[in-house]
Asks: 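Sharing a structure, written as C-alpha cells. Questions coming.
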Amino acid sequence: MMKQVFQFDFCGRGITVETGEIAKQADGAVIIRYGDTVTISTACASNQAKEGIDFFPLTVSFEEKLYSVGKIPGGFLRREGRPSEHATLTARMIDRPIRPLFAEGFRNEVQVVNTVLSVDQDYSPEMAAMFGASLALCISDIPFNGPIAGVKVARVNGTLIANPTVSQQEQSDIDLTVAGTKYALNMVEAGAKEVSEEDMLEALMFGHEQIKKLCEFQESVVQACGKEKREVELYSVDEQLDKEVRSGFEKAIREAVSIKEKLERYGKIDELTEQAVAMIEAKEYDSEKDKNEAIKQTREICRGIEADEVRRLIIEDKIRPDGRKIDEIRPLNSQVDLLPRVHGSALFTRGETQVLSTTTLGALNDNQIIDDLTVVESKRFMHHYNFPPYCVGETGRMGTPGRREIGHGALGERALAQVIPSLEEFPYTIRTVADVMESNGSSSQASICAGTMSLMAAGVPIKAPVAGIAMGLIMNDETGQYTVLTDIQGMEDHFGDMDFKVAGTTNGITALQMDIKTTGITREIFEEALQQAHKARLEILENMLACIPEPRKTVSQYAPKIGMMQINPDKIKDVIGPGGKMINEIIAQCDDVKIDIDDDGKVVIYHMNQETIDKAKDMIYGIVREAKVGDVYAAKVVRIEKFGAFVNLFGNTDGLLHVSKISHNRVEKVEDVLSVGDIIDVKVMEIDNKGRINVSAKALLPKLKKEDAAQ
C-alpha cells in the first residue's frame, strides 16, 4: 500500500491522517497529526478465537513517550516504566467506547496500541489517540462496528468549546470528555464546578454534534483505503444443550432472581447452576474437551437465564431483584470518628455497599509529583480507592492498584476536588483513602460520600458536601422500552445496559462517568437519568448531614498545626543558610518541625505543638527581621572599641553606638560607662547604603538643662 494522506478541518484546526507508510505489518495503522501533536495507533487481531474464555479479549494501551514533551524519564533507569496514572486512565477511556462495538461472541484477541510521539498541549493527544484507535480498527480487516470519536468540551463565559486549549480549560467550569458513534454517545467522563443538570446536558449534546463530524470524516477515509473485513466464527452455545438446560432449570432460576438478600440469592442461583452442571456432566462425551465445553456452556446458559429474568422484571413489571421501586435508594447509614488516631474518618453504608474513608493532612511538600505528558506537575489533593477481594466475599490478589481501582479513584478525586479549599484558605496536602469493606453496586460513589464526611471530620473547610449515586438502564432494543434505575446493585450493573455515575452538591454536578454496553443512549434517556440522580443525591446528602452537618472548626489533635508568615524573598537565603545550615538548626531546635518556603517568601510551619511552631516563627523572624530608622531596642553590648560600642539589636543584627551618642555628658572612655553584656536602650538613627546601622542612646535620654550641661 502506498502512503495516503487525508485532511480535515475540525473547529478551525486541521487534522491530518497518514496511512500506508509506517507500521505496515499491523492489520491497521494510522498516524494522526493534530497541530504539533502526533500519535500513531495500530490495531492487530489474532486469526483464531481464543479457546476457553467467556469474554472478548481486547487490550487497549496508551503509550506515553516522554521525549514527546522533551523530558527524560525520572528514576534510576531513565526510561519509561509502568504506565502512569494518566496513561492508564486514557487507555480505559479509549477502551470503553470501542468495546461495545464488537459483535457478541467475538473471541479473537485484539490489541490496540496508541503511542504518543509529539505533544502540543493545546491539541489533545488523548483525543488524537482515541480518533486514531477507531480509524486503525475501521481501515483494518478486523470486524468492528465503528467508527467512534471523542472530544473534550469546556465552557468559558457561557460558551461551549470543543477540544479547548490549556488556557481555555483553566477558565472553564466544565471538564468533559464524551465519545460515541454518529448515532449516540456511549462514554462520558466529566468534572464540573457545581454545574446544573440542564447545562451539563447541553454540553453533552454539543459534544455529540462534534463527534458526528469526526465520524463522517473517518467514513470517508475508510471508503478510500479500508480493507475488506475478515470472516470470523462467532462463539455461541449449543442449541440442543440450551433447550435441555432451560427445560430443567429455567423456572427455578427465574424464581431465585427475586430473592431479596444478595448472598442468599446468589447462593440459590449457584446451587441451581451446579445441579444443572451435574446433570450435563453425567452424560457421555467423545472426549474430555467436549465434556468441559458442555459444562462451561451450561454455566453460561444459567447466567443467561438469570440475565433475561432480571431484565424482564425491570422492563415489563418494573420490579427489581431486591423488590425496590425503580427510583428507590437502599437503606443509608452514615458514621464518623470510627478511628481515634487518624485525622478524619467516616463510614458510609448504602444497602450492601460499604466504604471506610480516612483523611490525612500533611505539609505542602508531601504533595504528589506528576511525571507524565500533562502540564500538571504536582497534586496537593489525592483520593485513593482500594477494592480488596474480601469485600465481595472472595479470595484474590492483593497488591498494587489495577485499572479499575485507578479509574474509580480518579472519579472520586474529580468529584471531591471541586470543593477542596484553596491553598491560601487551607495550606495542607490532603489525602483521602477509600477502603471498600463490602460491595454490591457502585462502591465508587459510596467512596465519594464517605470521603466527604471524612474530610469534614478532619476539619477541612470544603465548599459544600458532595454525594454520588449510580444510575442504571435496562433497555429492549427491539421494542424501544427502557427503565432508568436509581442506585443500581451488582446484578443490575452486570446485566444492565448502562452504568451512569453522577456526583455533586445541592447546587450542581461535580463529576460524571458513563459506560454503555449497548450502542448508545439518547438525549431523553440522559435527561431522565440526570433528574432521577439529582433527586437521589439530595436524599443521600440529607442522611450524611444528619451525621455531620458541617466541617469541624479545628483539625484533629493528631494532625499537624499550621503557622504562616511572610518574609522578604531576598531573605530566603538567610533563613536557609549555607548548605541548609540555618534551617536545619531551626528544625533541630524545634522538635523536627516541618518548614515550607515558597519563592514569594510565604513560610508555612507544621507541627503537632503550637508552642513549637511559635518558637520556629520567632527564630525565623529573628533572622529576617530588619531594623528601621526610628525603632527602639533594648540592646546588648557585645563589643567595646575606643570610638564606641557595638550592640546587638536582635538575632544577628548589630548596631554601632558611637561614643558621642552614649550620653548628653561627654564620655572620655566607653568602658567607663559600659561593659560587655550590659543592656541599654538605643534608637536607630541611620542605616547607610551598605546596611550599617548607627544607633543612639542619647536620643532617648531627657535633654539636660543649661546649668547641668555647663557642669
Side-chain angles (χ1 to χ4, degrees), residues 10-13 34-37 62 64 66 68-71 84-87 89-90 93 116 118-130 150-179 188-196 199-200 202-204 206-207 210 364 367-383 410-430 462-464 466 503-505 507-513 598-600 602:
F10 179 64
C11 299
R13 300 195 284 178
Y34 184 38
D36 283 346
T37 291
F62 182 78
E64 292 180 313
L66 287 185
S68 67
V69 288
K71 289 183 181 179
S84 69
E85 186 172 294
H86 172 256
L89 294 172
T90 303
M93 193 164 60
V116 183
S118 175
V119 174
D120 178 344
Q121 299 290 358
D122 286 338
Y123 292 78
S124 169
E126 299 85 6
M127 294 303 95
M130 183 182 288
V151 294
K152 290 180 179 288
V153 178
R155 187 175 68 169
V156 180
N157 298 324
T159 302
L160 294 170
I161 301 167
N163 287 355
T165 63
V166 172
S167 62
Q168 288 171 332
Q169 189 60 65
E170 288 172 350
Q171 301 170 54
S172 175
D173 60 354
I174 293 176
D175 180 9
L176 170 66
T177 301
V178 290
V188 175
E189 195 78 53
K193 296 175 182 176
E194 298 182 273
V195 169
S196 71
D199 289 350
M200 184 59 77
E202 288 307 312
L204 289 167
F206 171 81
Q210 313 313 311
L364 293 179
N367 62 1
Q368 181 183 358
I369 306 302
I370 306 297
D371 189 21
D372 59 24
L373 304 186
T374 67
V375 294
V376 179
E377 295 182 350
S378 66
K379 287 196 300 188
R380 65 175 275 261
F381 171 61
M382 297 158 276
H383 174 78
L411 174 60
E413 184 172 296
R414 191 179 303 115
L416 294 169
Q418 314 299 332
V419 299
I420 293 296
S422 68
L423 186 65
E424 291 70 30
E425 295 170 304
F426 196 70
Y428 283 101
T429 293
I430 307 164
I462 59 174
K463 296 170 187 175
V466 180
T505 67
N507 297 323
I509 294 168
T510 60
L512 279 186
Q513 187 181 80
D598 289 345
D599 292 340
D600 63 357
K602 184 169 74 176

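Quantities reported herein were computed from a predicted structural model and do not represent experimental measurements. Because only heavy atoms are used, hydrogens play no part in the values below, and waters and symmetry mates are left out as well, while side chains stay in.
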Asks: Is there a donor-acceptor contact under 3.5 Å from the side chain of D122 to the main chain of V166?
Replies: yes
Asks: Distance check, rounded to the nearest 0.5 Å: S422 atom OG versus K463 atom NZ?
Replies: 7.0 Å
Asks: Between M127 and T177, is any pair of side-chain heavy atoms under 4.5 Å apart?
Replies: yes
Asks: Treating R13 as the side-chain partner and Y123 as the backbone partner, does any N or O pair qualify as donor plus acceptor under 3.5 Å?
Replies: no
Asks: Keeping R380 on the side-chain end and I430 on the backbone end, is there a donor-acceptor pair under 3.5 Å?
Replies: no
Asks: Sequence neighbours left out, what passes side chain to side chain contact (heavy atoms under 4.5 Å, CB included) with T159? Give chain and number order.
Replies: none
Asks: Write down the atom of G207, the atom of V178, and the distance for their closest heavy-atom approach.
Replies: CA-CG2, 3.8 Å
Asks: Answer yes or no: is there a side-chain heavy-atom contact under 4.5 Å between E64 and V69?
Replies: no
Asks: Under 3.5 Å, is there a donor on one side chain and an acceptor on the other for T505 and E194?
Replies: yes
Asks: Taking ring-ring contact (aromatic ring centres under 6.0 Å, His included) as the definition, give me every residue that meets it alongside F206, ordered by chain and number, with sequence neighbours left out.
Replies: none
Asks: Treating D600 as the side-chain partner and K602 as the backbone partner, does any N or O pair qualify as donor plus acceptor under 3.5 Å?
Replies: yes
Asks: How close do A415 and T510 get, counting heavy atoms only, and between which atoms?
Replies: O-OG1, 3.1 Å
Asks: List in chain and number order the residues that pass salt bridge (Lys or Arg N to Asp or Glu O under 4.0 Å) with E413, two or more places apart in sequence or in another chain; answer none if no residue qualifies.
Replies: K379
Asks: Can you name the residues that form a salt bridge (Lys or Arg N to Asp or Glu O under 4.0 Å) with R414, not counting sequence neighbours?
Replies: E189
Asks: Go through the steps for I462 and L416 under the test side-chain contact (heavy atoms from CB on, under 4.5 Å), then give the verdict.
Replies: CA-CA 9 Å; I462 59 174; L416 294 169; over 6 Å; no
Asks: Taking all non-hydrogen atoms of both residues, which atom of K152 and which atom of S124 are closest, and how far apart?
Replies: CE-OG, 3.4 Å
Asks: Report yes if some heavy atom in the side chain of H383 is under 4.5 Å from a heavy atom in the side chain of L411; otherwise report no.
Replies: no
Asks: Say whether, by atom type as modelled, one donor and one acceptor occur between the side chain of T37 and the main chain of D120 under 3.5 angstrom.
Replies: yes
Asks: Atom CZ in F62, atom CE in M93: separation rounded to 0.5 Å?
Replies: 8.0 Å
Asks: Rounded to the nearest 0.5 Å, how far apart are CD1 of I509 and CD of Q418?
Replies: 11.5 Å
Asks: Roughly how far, to the nearest 0.5 Å, is CZ of F10 from CG of N163?
Replies: 5.5 Å
Asks: Could you report the tightest heavy-atom contact between M130 and A179, atom names first, then the distance?
Replies: SD-CB, 3.7 Å
Asks: F381: which residues meet the ring-ring contact (aromatic ring centres under 6.0 Å, His included) condition with it, sequence neighbours left out?
Replies: none
Asks: Any side-chain to backbone donor/acceptor pair from Q169 onto V153? Under 3.5 Å, distance only.
Replies: no
Asks: Which residue pairs pass the salt bridge (Lys or Arg N to Asp or Glu O under 4.0 Å) test with at least one member in residues 153-177, sequence neighbours excluded?
Replies: R155-D173, R155-D199
Asks: Okay, side chain of S118, backbone of D36: is any donor-acceptor separation there less than 3.5 Å?
Replies: yes
